Structures are given as structure tokens and as C-alpha cells.
Number of protein chains: 2
Amino acid sequence: MALRHAVLAALLDGEYSGYQLAKAFDVSLSNFWYAVPQQLYAELAKLEREGLIAGRQVIQHDRPNKRLFTVTDAGLAELAAFTATPSKPSSIREDLLVMVQAVDRLDPTPVIAQLEERAVAAAAKVEIFDRMLRRLRGELDEETFLREGDRIGPYLTCLRGRRFEQENREWCEQVTALLRARAPLPG
Amino acid sequence: MALRHAVLAALLDGEYSGYQLAKAFDVSLSNFWYAVPQQLYAELAKLEREGLIAGRQVIQHDRPNKRLFTVTDAGLAELAAFTATPSKPSSIREDLLVMVQAVDRLDPTPVIAQLEERAVAAAAKVEIFDRMLRRLRGELDEETFLREGDRIGPYLTCLRGRRFEQENREWCEQVTALLRARAPLPG
DNA sequence: CCAGCCATGTAACGGGTTACATGATTTA
DNA sequence: TAAATCATGTAACCCGTTACATGGCTGG
């Protein structure tokens with residue numbers, strides 16, 4: 001099983017509709033999990049059938065009705081059981097790294113282009129994480145928040161995501177500079 | 001398509017049998033790709049059918065015969081085409097992060113235990129990467145090797161893997177200390 | 001003598017991705 | 001008036017994981 005626990009963990013922050021969850025999985029959770037809306041709707045239906053979450057209909061007049069979900073006690077128990085089962089390090093599957101692995105037998109030009117794009121994207125993500133971290137800790141400084149805040153889980157995963165993207169950025173920039181220096185482009 | 005390019009990139013280092021590849025995918029490539037032997041045998045068969053790799057039988061007397069594979073020109077062309085197609089950042093799926101996301105609504109004890117295990121595993125992996133980096137660059141220092149070495153691809157991906165595991169370790173240790181301080185264990 | 005390594009697969013299953021489908025409301 | 005947002009799904013497909021299967025040689 002896989003996505004189910006990520007969904008349960010996400011729902012701990014409050015009520016969400018499938019659509020809102022999809023947004024969350026596109027930003028805040030995207031550092032360690034990602035899912036397209038279709039997958040989320042399917043998973044929510046499954047979790048509800050199993051009684052791990054409960055949905056309630058919300059009628060709206062200006063836009064389509066929606067269903068909001070919350071984690072049930074059974075859902076919490078499921079999460080507790082999940083933390084008790086040993087987790088394997090996940091296998092990262094990164095196309096860009098495959099390209100770099102092969103780069104010295106190929107024309108580096110397109111790889112360099114992709115590295116530059118990725119560096120920019122990573123920098124943008126770092127800023128997103130920074131904003132989210134500031135929002136999560138409110139007026140408190142980080143140290144105080146981590147010592148006394150009452151919902152530090154999302155903050156901690158955000159910190160990990162931020163580090164990852166920062167490293168990503170630096171690595172992409174380093175490799176770009178290096179490949180440039182080794183194979184100077186014409187013009 | 002997915003694994004195919006990782007296999008092609010791995011085969012650039014020389015001839016490999018399915019079994020040897022499986023080893024490689026367990027160590028050197030494991031920072032950005034992972035595959036079990038069964039998957040590799042299937043993928044190698046497919047790549048050979050498509051003419052992207054060529055296999056040759058090697059008869060052995062002390063142990064079972066094996067087939068060694070090399071990338072063909074068509075395979076190189078496939079890799080070149082691959083570098084030209086835009087790559088999306090991969091979705092990381094990390095159970096341990098899901099657990100931390102949920103940790104302040106659950107008993108942190110098992111999560112702390114897992115974080116500690118992971119920190120140790122990450123530290124071990126950093127050392128493996130260090131050894132591999134030393135092996136790859138031979139007697140050269142890093143700067144010289146990166147400027148003049150003729151096969152820097154694997155070195156660069158290794159560097160990324162090392163950074164990742166180092167960050168992983170530091171994060172795990174930080175979170176462990178934090179959760180410990182917030183919820184002191186009895187005894 | 002048993003565990004582990006070398007060596008290569010088949011088969012079933014589960015989960016994730018892509019494509020397709022619908023339709024109202026708000027913003028540019 | 002076109003695009004984006006809100007809102008929810010179905011269906012087909014591909015890929016990856018797990019379980020099962022075989023068999024000889026080497027080292028403790």
C-alpha cells in the first residue's frame with residue numbers, strides 16, 4: 001500500500017475535498033509525494049469504503065458541490081500501525097540524473113539546457129518552501145516554533161524539501177558550469 | 001518508458017551481464033535508480049529485441065554461462081533522443097516523510113526509532129559514495145578529474161547521491177533530537 | 001553440510017500514469 | 001469569448017514489485 005497513508009497524513013491538517021487535496025499534493029506535499037487528481041479521487045473513495053475517512057457533503061450555490069473528508073479513529077489507528085512497520089528508503093528515479101550519467105558519450109548541449117531549467121525550477125521551489133515555512137510558524141522564530149509549536153510535522157517535511165531543492169539547485173549549477181567549461185559552445 | 005534509459009546509461013561503462021547489472025543497480029546507480037534482477041532481465045531482453053543493445057554468450061566452466069551486453073549505435077541514438085526530450089522532476093515517495101508529516105498526532109516513539117535507523121543507513125551510504133568517488137577519480141584530485149577526466153558522468157551522479165544522503169542523515173538526526181526533546185521517553 | 005554467490009528467468013498482482021469525459025462559474 | 005478554476009470521476013495501459021522456479025559452484 002502506498003498513497004493511502006500520504007492521504008491520511010494530509011487530512012490530519014483538517015477537512016479537504018478531493019480537489020483541495022489535489023492542490024496540496026501539488027505543492028506542500030510534493031516534496032515527498034505526488035499524485036494526480038484522478039488517483040486521489042479513487043483513493044478517497046477507497047478509504048471511505050474502508051471507514052478510514054469520513055466524508056460530508058457541502059452544498060454550494062456559486063460553484064459545484066463538494067465532499068469534505070476527515071480522518072476517523074480507524075484512520076488514525078491505521079496511521080499508527082503504519083509508523084510501526086519498517087520503511088525502506090525509496091528508490092529515486094530521476095531522468096535528469098540518467099542523462100548526466102550518460103553525458104560524456106553524447107552531445108552535452110541538450111543536457112546543459114535541461115540542467116539550467118532545472119536549476120531555475122529548484123530555486124523557485126526553494127522560495128515556495130520558504131514562504132510555506134514562514135506561514136506555518138506564524139510569528140514565532142523557527143527554534144521556538146519547533147520547541148513549542150503544536151503541529152510541527154508539516155514544518156519538518158517542508159524543511160527536508162527545502163534542503164533537497166537547494167542541493168538540487170547547487171548541483172545543477174555546478175554541473176552546468178563544468179560541462180560548459182569542458183565543451184565550450186560555439187559562438 | 002523508464003528503466004530502459006537507465007540500463008542503456010549503465011551499459012556505457014562496458015560490458016555487463018544481467019547479474020552484474022543487478023549489482024550495479026544495487027550500489028552505484030542506486031542513488032537515482034533501482035531495479036530488481038527480474039526487471040533487469042526482462043528489460044535487457046526487450047532492449048536486445050529492439051536492437052538497442054547486443055549480447056554475446058560467454059561460456060564459463062567454473063560457473064554458469066552468461067550473456068554480456070553492449071550498447072549499439074541505435075542504442076546511443078536512443079540515448080541522444082532521450083536527452084533531447086524534456087524531463088520532469090521525479091516524484092519522490094518516501095514513507096518516512098509521511099510518518100514525520102503525521103507524527104504530532106501519533107505516538108512519536110516508533111517514528112524516532114525509524115529516524116535513527118535511517119540516519120545510520122544514510123551515514124553508511126555516504127561512506128560507500130566516498131569510496132566510489134575515490135575509485136572513480138583514481139590518483140587525481142577532484143578538481144583535476146572533473147576538468148580532465150574522460151568519464152565524469154558517473155562521478156557527477158555519485159556526487160549528487162552523496163549530497164542527498166548527507167542531507168538525509170543530518171535531517172534525520174535533527175528531527176530525532178527534536179522529537180526526543182518534545183516528548184521525553186520514560187526511564 | 002549449509003549458506004551464499006553466480007546466473008537467468010516466468011507469472012501474478014498492485015499501483016501509478018495517461019487519456020477521456022462532463023459541466024458550471026469566474027476572470028482576463 | 002476564451003481561459004482558468006472548481007469539482008468529480010471512468011477506463012485502459014504501463015511499469016514496477018513480489019512470489020515462485022531452477023541449478024551448479026564456492027567458502028565457512
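In what follows, every chain begins at residue 1, and chains take the letters A, B, ... in the order their sequences are listed. Given the structure is predicted, the values throughout are model-derived calculations rather than measurements.
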Sequence neighbours excluded, the answer for salt bridge (charged side-chain N to carboxylate O under 4.0 Å, His left out) partners of E142(B) is none

Between L179(A) and the options V103(A), D104(A), T109(A), the side-chain contact (heavy atoms from CB on, under 4.5 Å) test singles out V103(A)

Looking only at dC15(D), dT8(C), dA7(D), the nucleotide nearest the K66(B) side chain is dT8(C)

Does D62(B), at its CG atom, have more than 12 non-hydrogen atoms belonging to other residues, nucleotides or ligands within less than 6.0 Å?
yes

query = For L96(A) and Q114(A), what are the C-alpha separation, side-chain angles and deciding distance, and is it a side-chain contact (heavy atoms from CB on, under 4.5 Å)?
reply = CA-CA 8 Å; L96(A) 188 50; Q114(A) 298 219 38; 4.0 Å; yes

Residues at least two apart in sequence or cross-chain that pass salt bridge (charged side-chain N to carboxylate O under 4.0 Å, His left out) with R162(A), listed by chain then number, are D130(A)

Separation of dT10(C) atom C1' from Q39(B) atom CD, nearest Å, is 15 Å

Those residues at least two apart in sequence (or on a different chain) that pass side chain to side chain contact (heavy atoms under 4.5 Å, CB included) with V58(A) are R56(A), Q60(A), K66(A), L68(A)

Winner on side-chain proximity to Q60(B), out of dT17(D), dT17(C), dA7(C), is dA7(C)

Rounded to 10°, the angle between the first-five-pair and last-five-pair axes of the helix from dC1(C)-dG28(D) to dA28(C)-dT1(D) is 50°

Taken to the nearest whole Å, CD1/I59(B) to P/dA7(C) is 13 Å

Of Q166(B), E165(B), E170(B), the one forming a side-chain contact (heavy atoms from CB on, under 4.5 Å) with N168(B) is E165(B)

Sequence neighbours excluded, the answer for salt bridge (charged side-chain N to carboxylate O under 4.0 Å, His left out) partners of E127(A) is none

Of dG16(D), dT17(C), dA7(D), the nucleotide closest to the side chain of L3(B) is dG16(D)

When rounded to whole Å, the CG to C1' distance for the pair D26(B) and dG16(D) reads 16 Å

Across all chains, not counting sequence neighbours, the side-chain hydrogen bond (donor to acceptor under 3.5 Å, both in side chains) partners of S90(B) are E94(A)

Atom CZ of R49(A) and atom P of dG9(D) are separated, to the nearest Å, by 11 Å

Residues in residues 77-94 of chain A with a heavy atom under 4.0 Å of DNA chain C, by number, are none

The remaining residues in the hydrophobic cluster of I92(A), counting side-chain heavy-atom contacts under 4.5 Å among Ile, Leu, Val, Met, Phe, Trp and Tyr, are F164(A), I92(B), F164(B)

Rounded to whole Å, the CG-C1' distance (L44(B) to dT8(C)) equals 11 Å

Do F129(A) and N31(A) have side chains that approach each other closer than 4.5 Å (heavy atoms only, starting at C-beta)? yes

Protein-proximity profile, nucleotides 19-28 of chain C, B/S/- by nucleotide at the 4.0 Å heavy-atom cutoff, equals BB--B-SS--

Whole-Å distance, Q57(B) CD to dC6(C) P, equals 18 Å

Under a 4.0 Å heavy-atom cutoff, the residues of residues 15-25 of chain B touching DNA chain C are S17(B), G18(B), Y19(B), K23(B)

Please check this pair: side chain of E15(A) against backbone of G55(A), looking for a donor-acceptor N/O pair closer than 3.5 Å. no

Separation of dG16(D) atom P from R4(B) atom CZ, nearest Å, is 11 Å

Apart from Y41(B) itself, members of its ILVMFWY cluster (side-chain separation under 4.5 Å) are Y19(B)

From CG of L40(B) across to P of dC6(C) the rounded distance in Å is 15 Å

Tracing side-chain contacts under 4.5 Å among Ile, Leu, Val, Met, Phe, Trp and Tyr outward from V126(A) reaches none

Ranking Y34(A) and Y41(B) by the position along DNA chain C of their nearest nucleotide, the one closer to 5' is Y41(B)

